[in-house]
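These notes are about the structure you will find just below.
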Amino acid sequence: MSVFKRIYQVVQEIPKGRVASYSWIARKVGIRDVRLVGWALHRNPNPQTIPCHRVVKKDGSLASGYAFGGPEKQKILLLKEGVRFKNNRVKEEYFL
DNA sequence: CCGTTGACCAGGC
DNA sequence: GGCCTGGCCAACG
């Protein structure tokens with residue numbers, strides 16, 4: 001099993017209404033280079049099954065991605081799931 | 001095959 | 001506090 005696929009599995013394990021940071025996923029997968037996580041999501045082979053909008057930066061701010069239509073779109077999706085923001089950042093209590 | 005490049009992060013200056 | 005660096009994995013040209 002490649003590191004790549006394990007990243008997607010971890011992302012899919014994120015429950016609705018919670019978020020995970022890139023570094024959290026990297027630790028879970030067992031790699032030190034967190035860029036791989038971001039890079040894997042950038043590839044995003046099947047957006048249908050991968051909730052990439054639940055992945056945010058360590059400080060709670062949104063990543064500048066485009067696979068979900070931009071940070072604005074991502075914020076809307078998270079708000080719909082009940083994730084609250086504070087000063088344009090996800091609150092600590094929503095992290096896994 | 002090899003250099004470059006990332007949806008990032010922590011540590012050192 | 002901000003800027004620089006290393007991290008070391010996979011895809012792309």
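Every chain is numbered from 1, with letters handed out A, B, ... down the list of sequences.
- Judged by distance alone, the side chain of A/Q74 and the main-chain N or O of A/V55 form a donor-acceptor pair under 3.5 Å.
- Contact annotation: A/K57 side-chain N/O to B/dC9 OP1/OP2 distance is not under 4.0 Å.
- In this structure, the side chains of A/V37 and A/W24 stay at 4.5 Å or more apart for every pair of heavy atoms.
- As a whole-Å value, the separation of A/Y22 OH from B/dG6 P is 15 Å.
- Test A/K75, A/K73, A/K80, A/E81 against A/H53 for side-chain hydrogen bond (donor to acceptor under 3.5 Å, both in side chains) and you get one pass: A/E81.
- Atom-to-atom, CH2 of A/W24 to C1' of B/dC8 comes out at 16 Å; the value is rounded to the nearest Å.
- When the C1' atom of B/dC8 is taken as reference, atom CG of A/L62 falls 14 Å away, rounded to whole Å.
- Taking atom P in both B/dA7 and C/dG13, the straight-line distance is 15 Å, to the nearest Å.
- Rounded to a whole angstrom, the distance from the P atom of B/dT4 to that of C/dT5 is 15 Å.
- Atom P of nucleotide B/dA10 and atom CG of A/D33 are separated by 13 Å, given to the nearest angstrom.
- Distance A/L41 CG to B/dT5 P: 21 Å, rounded to the nearest Å.
- A straight line from NZ of A/K5 to P of C/dA10 spans 12 Å, rounded to a whole angstrom.
- Atom CG of A/N44 and atom P of B/dA7 are 13 Å apart (whole Å).
- Summarising the geometry, atom CD belonging to A/Q9 is positioned 12.0 Å from atom NZ belonging to A/K28; distances are rounded to the nearest 0.5 Å.
- To the nearest 0.5 angstrom, A/I14 atom CD1 is 7.0 Å from A/R54 atom CZ.
- Stem regions for DNA chain C, each three or more consecutive Watson-Crick or G-U pairs with both distances under 3.5 Å and listed by first number, read B:2-6 with C:9-13, B:8-13 with C:2-7.
- A donor-acceptor pair under 3.5 Å is absent between the side-chain atoms of A/N87 and the main chain of A/R89, judged by distance alone.
- A salt bridge links A/D33 to A/R35: at least one charged side-chain nitrogen sits closer than 4.0 Å to a carboxylate oxygen.
- Between A/R35 atom CZ and B/dT4 atom C1' there is a gap of 11 Å when expressed in whole angstrom units.
- Comparing C/dA10, B/dA10, B/dA7 by their closest approach to the side chain of A/S23 singles out B/dA10.
- Taking for each of A/V34 and A/W39 the nucleotide of DNA chain C with the nearest heavy atom, the 5'-most of the two is the partner of A/V34.
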